[in-house]
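It should be emphasised that the depicted structure is a prediction, and the values quoted were computed from it without experimental measurement. Below, read A as the first sequence line, B as the second, and so on, with proteins coming before strands; counting in each chain starts at 1. When reading the values below, keep in mind they use all heavy atoms of this one structure, side chains included, and skip hydrogens, waters and symmetry mates.
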Protein chains: 4
Amino acid sequence: MTTPRNSERRTHLVQLAGDLFAEKGFRATTVREIADAAGILSGSLYHHFDSKESIGDELLSAFLDDVLAGYRAAAAEPDPRRAIEQIVRSSTATLSRHRAALTMLQNDWTYFSAQPRFAYLRTAMKEIEQTWIDQLDRGRESGLFRADLDTRLTYRLLRDILWIPTSWAQSKNAWTDDQIVDGLLRLLFDGITAR
Amino acid sequence: MTTPRNSERRTHLVQLAGDLFAEKGFRATTVREIADAAGILSGSLYHHFDSKESIGDELLSAFLDDVLAGYRAAAAEPDPRRAIEQIVRSSTATLSRHRAALTMLQNDWTYFSAQPRFAYLRTAMKEIEQTWIDQLDRGRESGLFRADLDTRLTYRLLRDILWIPTSWAQSKNAWTDDQIVDGLLRLLFDGITAR
Amino acid sequence: MTTPRNSERRTHLVQLAGDLFAEKGFRATTVREIADAAGILSGSLYHHFDSKESIGDELLSAFLDDVLAGYRAAAAEPDPRRAIEQIVRSSTATLSRHRAALTMLQNDWTYFSAQPRFAYLRTAMKEIEQTWIDQLDRGRESGLFRADLDTRLTYRLLRDILWIPTSWAQSKNAWTDDQIVDGLLRLLFDGITAR
Amino acid sequence: MTTPRNSERRTHLVQLAGDLFAEKGFRATTVREIADAAGILSGSLYHHFDSKESIGDELLSAFLDDVLAGYRAAAAEPDPRRAIEQIVRSSTATLSRHRAALTMLQNDWTYFSAQPRFAYLRTAMKEIEQTWIDQLDRGRESGLFRADLDTRLTYRLLRDILWIPTSWAQSKNAWTDDQIVDGLLRLLFDGITAR
DNA sequence: TATGAATGAGATTTCATTCAT
DNA sequence: GATGAATGAAATCTCATTCAT
């Protein structure tokens, strides 16, 4: 019925929609706005997708595939500090490629996670959490990290910080990706106190 | 016109609405759901408020008044480390009293900040940012914090982390408020590395 | 049930309502606005009136009683020119006492005239029309007015002009009632052409 | 976004809406009634217009464009008597093409003129007034009209009379447009008195 | 593939009116 | 007489989706 997933036109439309989602959120973006951006009428979108959620699905699943690939590669690293460093670096790179997906998760998590169709969101989140905790645990047990570190709590405190810098993309900030990653890693490993 | 702001009934309705907003976000919550929760018809809400946004306004402005009071008190502290510690502690306390407002800002920031009526959101955010940067600058200049600290970048990295623990309230997590604050402060000041 | 028609409080409320109707029209004025103007709650109005229409009824019937009294007095005048002059003079005087009623008729005639309760509006209008036509006919037949005068058409053209000056009351115009009446009579009898 | 302004369907809908507005006034006509008249659901109207007011806007601005064109053409006439005659004739012709707009102005002037969107209403009214006064002044100064003519007052007395005959259209009256115009001009220039 | 038109469910809001206290 | 709270019907508007052409 609808355009095949690898069609160029379709890919373009997904990207246009993604830009709008990144700006205003998934629910706040209307199908008409997407169509306007593409220069067609809203009904015509349904030749390519069978629903607005399909577009969201496409963006979100591509995003999580990418994220998880990065995490899995990082988890193969034997040194926990290096593993964490790699997680952070790969996350930052991935996120800048998927701004829309991130905004969608931040704004409309409740909406998506409640639907069976998006069950993979919860699964992926669990894998992400487990990866972090595993590395933090390994680092603590090996004496590399503080012995009193509550690894699960630390993960919770850290998780969201990772997703944030992406949303700065549109503002006129002066930082490069590298600066952000370095600042974040330094903060994470050493805190702000001088020695 | 509508019920006065200090009416008991009205306060109760704002709280009910807030609970729903905290759960599902502002826009995702319908006026009918609020009315249902109150056991009245949706139209009856308009006896007390002239719009759904008025309810939002009430929650958001109360929140920011509370936050800013805490920040101003903390800024009076002469020692920067103490000041930051107090910011974090007061934030955590404030946030747990305003879960709804926080969810609203996280989910629907674009929506609110675009409206003139909610211009105070941007103003408040600027004051919050300035307070953080001031304290970080003072700490760095006095040799208390690392000399190479990019204070604005650090603020950016930190800001959102502060708002997060609130959203855990509903989940059956095992941490007390104190544990969270202490974990956060430790992370902030010292990082995760063992010495 | 409700307050008796001659109660002072009630009269005062009718007047307040009338002021609002004159400004914004009957339907455009809400019961709440009337109550606000009176310093009470909207529900409390129903101790005095059993409906918003009752207030309208009171204003409209008082107006038409007054108008018709003036027309009937004028019709008793033997000289048609004098009769018409008196109609105009009495109308102007009457109208300035009933601005609200006039606005109601101008804005919401369709609304009122469709209701059985306001059947007297049509009756009164017919009497007004007949009075005009009678006087114009008498004047034409006696050679006082032009022989080719279409009296019914002339009435139609004139009727609304009569009601208008009232609506100027609030604007900062420089004319007295007398000036308006004289200008109107002169226009009516002699036109604008110089001789 | 919505259907373009020159779409046939859209034009048809505006006309349908206009018929209803002319009958019952703008505010008294519901969107559902318009949709019913068109044989569609009320929501479907918003495929073509973004609000009920847009329909009103379309009718009112078309009306005023038409009126002003007539006035400007008449103002080019060197002889004031001819100019006024032309104003009256063009007005009558214009008005019969825009019954809806006229009813809207008569019933709901307060509503429209209060909105920034309809600011052009006041502007147009001022131009209309100025045109009348200019021609009356010129006629008086050239000795064609009475020397004691209060031109501004006369305009005020005349203005509304011009708009009236339109509202007769639906009633089964016996006059042609020409009869009405001639009656009006005769009244205006010569009054009703025989010589 | 796209257009043009429409659906239909549901959202926010308005407002005259009622009534127990 | 008034308050405070609510009703209930109806209004305007939104938007994802459908479908004949």
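- Atom pair D:L41:CG and E:dA9:P shows a separation of 10 Å (rounding to whole Å applied).
- In this structure, of F:dT17, E:dA16, E:dA2, it is E:dA2 that holds the atom nearest to the side chain of A:R9.
- Among the heavy atoms of the strands, none lies under 4.0 Å from D:T2.
- Place D:S51 and B:G39 on DNA chain F by their nearest nucleotides, and B:G39 ends up nearer the 5' end.
- Side-chain atoms of C:R10 come within 3.5 Å of backbone N or O of C:H48 as a donor-acceptor pair.
- Looking at the side chain of A:S44, the nearest of the listed nucleotides E:dT7, E:dT3, E:dT12 is E:dT3.
- When distances run from any side-chain atom of C:H47 to the nucleotides F:dC13, E:dT1, F:dA2, the shortest one goes to F:dA2.
- Between F:dA2 and C:H48, a contact under 4.0 Å exists linking OP1 or OP2 to a side-chain N or O.
- Atom CG of A:D50 and atom P of F:dC19 are 13 Å apart (whole Å).
- The residue A:S54 sits apart from the nucleic acid: no heavy atom pair falls under 4.0 Å.
- Counted within 6.0 Å of CD on B:Q15, heavy atoms from surrounding residues, nucleotides or ligands total 12 or fewer; the atom is thus considered open.
- At whole-Å resolution of the value, CZ in C:F49 and P in F:dA2 are 11 Å apart.
- With a 3.5 Å ceiling on both atom-pair distances, the Watson-Crick or G-U wobble partner of F:dA20 is E:dT3.
- In terms of position on DNA chain F, the residue among B:L45 and D:E53 whose nearest nucleotide sits closer to the 5' end is B:L45.
- Summarising the geometry, the separation between CZ on C:F21 and C1' on E:dA16 is reported as 12 Å, rounded to the nearest angstrom.
- Distance CZ (B:R27) to P (F:dT14): 13 Å, rounded to an integer number of Å.
- For C:S54 and C:R5, the side-chain atoms include no donor-acceptor pair closer than 3.5 Å.
- The side-chain heavy atoms of C:T3 and C:R9, taken from C-beta on, include no pair separated by under 4.5 Å.
- Separating the CZ atom of A:R32 from the P atom of E:dA2 is a distance of 18 Å, rounded to the nearest angstrom.
- Residues D:Y120 and D:D57 have side chains that bring a donor and an acceptor to within less than 3.5 angstrom of each other.
- When distances are taken from the side chain of B:I40 to each of F:dA6, E:dA5, F:dT3, the shortest belongs to F:dA6.
- In this structure, of F:dA2, E:dA16, E:dA11, it is E:dA16 that holds the atom nearest to the side chain of C:V31.
- Residue C:Y46 has its side chain nearest to E:dA16 when only F:dA2, E:dT13, E:dA16 are considered.
- The distance from atom CG of A:D36 to atom P of E:dG4 is 13 Å, rounded to the nearest whole Å.
- Note on ring orientation: taking the six-membered ring where Trp is involved, the planes of D:F112 and D:F118 are perpendicular (angle over 60°, cut-offs 30° and 60°).
- The residue B:T29 sits close only to the backbone: its heavy atoms come under 4.0 Å of sugar-phosphate atoms, none of a base.
- Residue C:K52 contributes atom NZ, which lies 11 Å from atom C1' of E:dT14 at whole-angstrom precision.
- Taking every side-chain heavy atom of A:T30 into account, F:dC15 is the closest of F:dC15, F:dA6, E:dA16.
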